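Keep in mind that what you see is a predicted model, and the values were worked out from it rather than measured.
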Amino acid sequence: MNENYAHPAMPAGAAEGILKGMYQFSHAPADAKAPRVQLLGSGTIMREVIAAAQMLEQDWGVAADVWSCPSFNELRRDGLDADRWNMLHSLEKPRLSYVEEQLKDRAGPVIAATDYMKIYADQIRPFVQNLGRRYRVLGTDGFGRSDSRDNLRRFFEVNRQYVTVAALRSLAEDGAIKPQVVADAIKKYGIDPNKPNPVTV
C-alpha cells in the first residue's frame with residue numbers, strides 16, 4: 001500500500017506460512033494464569049494489531065499471540081480443498097485446513113482485523129469454528145470517505161483500541177474475564193459506545 005512504515009524482518013521459518021496465507025508473527029510468554037487470545041492482522045492494519053497485543057498485556061494482563069495473514073483468500077482455498085478431500089474420503093482420517101493446523105494448539109478466541117471489508121477475513125470463519133473457537137472480525141464496512149488514516153481507522157472501528165476491546169469482549173463471552181473489564185476498557189480508551197454504526201452513516 002502507499003503507507004510508509006518500517007517492516008520487521010521475516011521471522012525464521014515463516015516462508016511457508018507466507019505463501020499459504022498466515023504465519024505467527026509473535027507469541028506471548030506462556031502463562032497459565034493469563035487469559036489468552038489469537039490476533040490476526042492483514043496489510044497495514046497489522047501495526048494496529050501488534051499495538052493491541054501490547055495494550056492487552058500492559059493494561060489488562062491478557063496474553064496475545066499475533067499472526068500475520070497475507071492472504072485470507074489462500075487460507076479459504078486451502079480450507080475448501082481440505083473440506084472437499086474429507087467429503088470424498090469418508091473412511092480416512094480427516095484432513096485439517098491450514099488455519100486449523102496453525103491454531104489447534106493455541107488457546108483463546110480469535111480476532112481478525114484488516115483495512116478491508118469484514119467479509120474478507122470472514123472467509124475463514126468455518127475453519128476457526130471447526131476448532132470450537134469464537135471468531136470476531138473487524139473491517140471497514142461502510143461508505144467511502146476521506147480523512148486521515150488515524151481518523152478513518154477510529155471511525156471504522158479497526159484501530160488498536162477497538163482490536164483490544166474486541167479481544168476483551170470475546171474473552172468475556174467465553175467466561176475468561178468479567179464483562180466489567182470490557183466496560184472499563186471502553187471508558188479508558190474514550191470510545192463512545194453509542195456512536196453510529198459505520199455501516200449506516
Fill in: Residues in ring pair (Phe, Tyr, Trp, His ring centres under 6.0 Å) contact with F72, at least two apart in sequence or another chain
Y120
Worksheet item: ring pair (Phe, Tyr, Trp, His ring centres under 6.0 Å) with H27: which residues, sequence neighbours excluded?
Response: none
Is there a donor-acceptor pair under 3.5 Å between the side chain of [X] and the backbone N or O of [Y]?
| X | Y | value |
| --- | --- | --- |
| N86 | A82 | yes |
| T140 | D115 | yes |
| E74 | L19 | no |
| E100 | S97 | yes |
| S42 | T114 | no |
| R76 | Q123 | yes |
| N159 | Y162 | yes |
| D192 | N194 | yes |

Can you name the side chain to side chain donor-acceptor pair (under 3.5 Å) partners of [X], sequence neighbours left out?
| X | result |
| --- | --- |
| Q180 | D184 |
| D83 | none |
| R95 | none |
| R47 | E3 |

For the residue pair [Y] / [X], report whether a side-chain donor-acceptor contact shorter than 3.5 Å exists.
| X | Y | result |
| --- | --- | --- |
| S170 | R134 | no |
| R153 | T44 | yes |
| Q102 | W67 | no |
| N151 | S148 | yes |

Heavy-atom count around [X] [atom1] within 6.0 Å, excluding the residue itself: above 12?
| X | atom1 | answer |
| --- | --- | --- |
| K188 | NZ | no |
| I119 | CD1 | no |
| R84 | CZ | no |

Practice prompt. Go through the steps for V49 and L40 under the test side-chain contact (heavy atoms from CB on, under 4.5 Å), then give the verdict.
Written response: CA-CA 7 Å; V49 172; L40 280 55; over 6 Å; no
Give me each pair satisfying ring pair (Phe, Tyr, Trp, His ring centres under 6.0 Å) with a member in [range], each pair once, sequence neighbours excluded.
| range | result |
| --- | --- |
| residues 80-104 | W85-H89 |
| residues 121-148 | none |
| residues 166-187 | none |

Worksheet entry | Those residues that, when tested against E16, pass side-chain contact (heavy atoms from CB on, under 4.5 Å) (two or more places apart) | K20
Fill in: L39 and its side-chain contact (heavy atoms from CB on, under 4.5 Å) partner, picked from I111, D65, V110, T164
I111
Determine whether [X] and [Y] fall in the same hydrophobic cluster, where Ile, Leu, Val, Met, Phe, Trp and Tyr are linked whenever their side-chain heavy atoms lie under 4.5 Å apart.
| X | Y | value |
| --- | --- | --- |
| L56 | V182 | yes |
| I45 | Y189 | yes |
| V37 | M46 | yes |

Worksheet, complete the sentence: Residue set satisfying salt bridge (Lys or Arg N to Asp or Glu O under 4.0 Å) with D141, at least two apart, ordered chain then number -> none
Practice prompt. Assess K195 against F155: is NZ or CZ under 6.0 Å from the centre of the six-membered ring, and within 45 degrees of the ring's axis?
Written response: yes
Worksheet item: If you link I, L, V, M, F, W and Y whenever their side-chain heavy atoms are under 4.5 Å apart, who else ends up in the same group as L88?
Response: M87
